[in-house]
Amino acid sequence: MAFALTVAVTVLGALLTLVGGWYWLRDPVRHRCPGPTVPWRRRLLPWWIVYRPRCGYDLGGHAFREREPITCPECGRNVRCRRQLVRSTRAWRPVGCGAAIIATAVLLYRYPPMAATMLVAMAPTEVLLRGENMLGTRAPLEARTELRRRAADGDLSNGQTNRFVRLLVNDLRNDSIAGNAKESFRMLETTAILDVQPLIDALDSEDAQLRAMAARLLRFLSTQDSLDTDTPDALIRVSVNELRSDRRNRHAGEAREFLQMHPTKSEPYLLDALESDDEQQRQEAVALLQIHPPSGPALERFLRVNVRNLALGGGFRVGDAYRFLLTQGRAADALLLEGMQASDPQTRLLCAAVAGISDRRDLASLAVPILASHLADNAIRGDAVIAARSLAGFGDAVVPLLAPYRSDDARGVQDEQQRQSIEYIVRRLTTSETTVRLQLRFPLARLTHDGTDALSIAPAYLDMPRF
């Protein structure tokens, strides 16, 4: 920038010097009228410093006499003596001004910061706005810094602020300037944004960084009640997309908190995210829909996803899927029936557990054999506790179904733990014997590590089995 200013000033000085020299050389030496007397206020005008016009009428042939001035027939100037005449219309003033300008250019070249500071400090705000709008990231750093300083000082009008916001939004892109996106983001957080449309338009940009930062700003404005318009659908769509697993920290958490506040608008996008190729996005969509379940045909689709999450390899969302299915009542009966007939052992156990704890007695004939088999001593950790609690959930209706396991020739009984556990459950449901006495009689029915009665554990606090 300093070099460009130096070149411009040098060219201006050279032009003045050449023009003045040309007029001086082409005019012969004569005695001419200097022209009318000019008042001082006119002499202070800028163009008078550079160029002073002369009358130029040839008075060389006139004889001067004492106290008898000569009147110029062209301009009316009274000339009293020959010393008042000028030798020609040639003026040294343009040449002198050109030389002074060239000297200034040399000074600016030797001290570049002076050039940038002088030019930018004198530039109007409108010029800085238009210049950055045209040049974008190619705008000089000094001009960008000065414009942002004026914005921080509150020197911009409302219209200029709106245009400045558009420039800041453009800086959010992934470009060649290091750190400009973070700086613009901080300024947009502290600037009173009167028009949020540039941020809304940025949500449809092809630049991923611009979309993400615009979404973060709009979410911030919505929490500050600074977003006057309704929540744009594009913001919901971008927030759901940010649930994906990527390298950007905290984006998924911020998007999740925002989507929780807009369950109705986010529901269709979250339903689409259930079929995403990103595991994190699928699980986050499931978790959000569990808080605000859909209705109608979408509910059956979502229930099927939760039953699928009960399988081995379902990840840390297995417990959430199990607890959600407990709250759905008979809407999930058909899917529980399918789950108890699945090939995955964890799906079968948890679907039977949901049926038992929620007292789905029409499913008891299929659920009881599955639950009873998990009362046996095996390598699965925690399955006997949830099986015993689920069997007790059927109430007295489970006693006839457990009768085959209590007979002397019961073929379904595998070991002593299973036998004592079944006897313990039946006696707890049909007699008034205390828990302590029953545990002393059936010690293997103490399925928990701390001796807590498995039948008294709240369903929400049951640990998931570990196959």
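Scope of the values below: all heavy atoms of this structure, side chains included, with no hydrogens, waters or symmetry mates.
Looking at Arg211 and Ser205, their side chains never bring a donor and an acceptor atom within 3.5 Å of each other.
Using a 4.0 Å cut-off between a side-chain N of Lys or Arg and a carboxylate O of Asp or Glu, Arg330 and Asp362 qualify as a salt bridge. Salt-bridge formation is detected for the pair Arg163/Glu126: a Lys NZ or Arg NE/NH1/NH2 atom is positioned less than 4.0 Å from an Asp or Glu carboxylate oxygen. A salt bridge does not link Glu284 with Arg244: none of the charged nitrogens is closer than 4.0 Å to a carboxylate oxygen. Salt bridge status for Asp153 with Arg149: present, with a side-chain N to carboxylate O gap under 4.0 Å. By the 4.0 Å N-to-carboxylate-O rule, Arg219 lies close enough to Glu242 to be salt-bridged with it.
When all heavy atoms of Gly339 and Thr347 are compared, the closest pair comes out as O-CG2, 3.8 Å. Of all non-hydrogen atoms in Asp383 and His374, the two that sit nearest each other are OD2-ND1, 3.0 Å. The minimum heavy-atom distance between Leu243 and Ala252, with the atom names listed, is CD2-O, 3.8 Å. The minimum heavy-atom distance linking Pro345 with Phe467 is given by the pair CB-CE2, 3.8 Å. Considering every non-hydrogen atom in both Leu447 and Ala384, the closest pair reads CD1-O, 3.5 Å. Contact record, Asp204 with Arg237: OD1-NH2, 2.8 Å, taken as the closest heavy-atom pair.
Side-chain contact between Arg428 and Asp453 is present, with heavy atoms from C-beta onward closer than 4.5 Å. Proximity of Ser184 to Val169: side-chain heavy atoms (C-beta onward) are nowhere separated by under 4.5 Å. Using a 4.5 Å heavy-atom cutoff, the side chains of Gln281 and Ser245 are not in contact. Using a 4.5 Å heavy-atom threshold, the side chains of Leu172 and Gln209 count as separate. When side chains are defined from C-beta on, Asn133 does not count as touching Phe164, because their heavy atoms never get closer than 4.5 Å. Proximity of Phe394 to Val399: side-chain heavy atoms (C-beta onward) are nowhere separated by under 4.5 Å. Residues Glu267 and His262 form no side-chain contact, since every pair of their non-hydrogen atoms from C-beta on lies 4.5 Å or further apart. Leu271 is listed as a side-chain neighbour of Leu274, based on a closest heavy-atom distance under 4.5 Å.
Under the ring-ring contact (aromatic ring centres under 6.0 Å, His included) criterion, no residue pair touches residues 169-211, with sequence neighbours excluded.
Every residue meeting the salt bridge (Lys or Arg N to Asp or Glu O under 4.0 Å) condition with Arg148, not counting sequence neighbours, appears here in chain and number order: Glu132, Asp171.
Judged purely by atom type and a 3.5 angstrom limit, Lys265 uses its side chain to pair as donor or acceptor with the backbone of Thr231.
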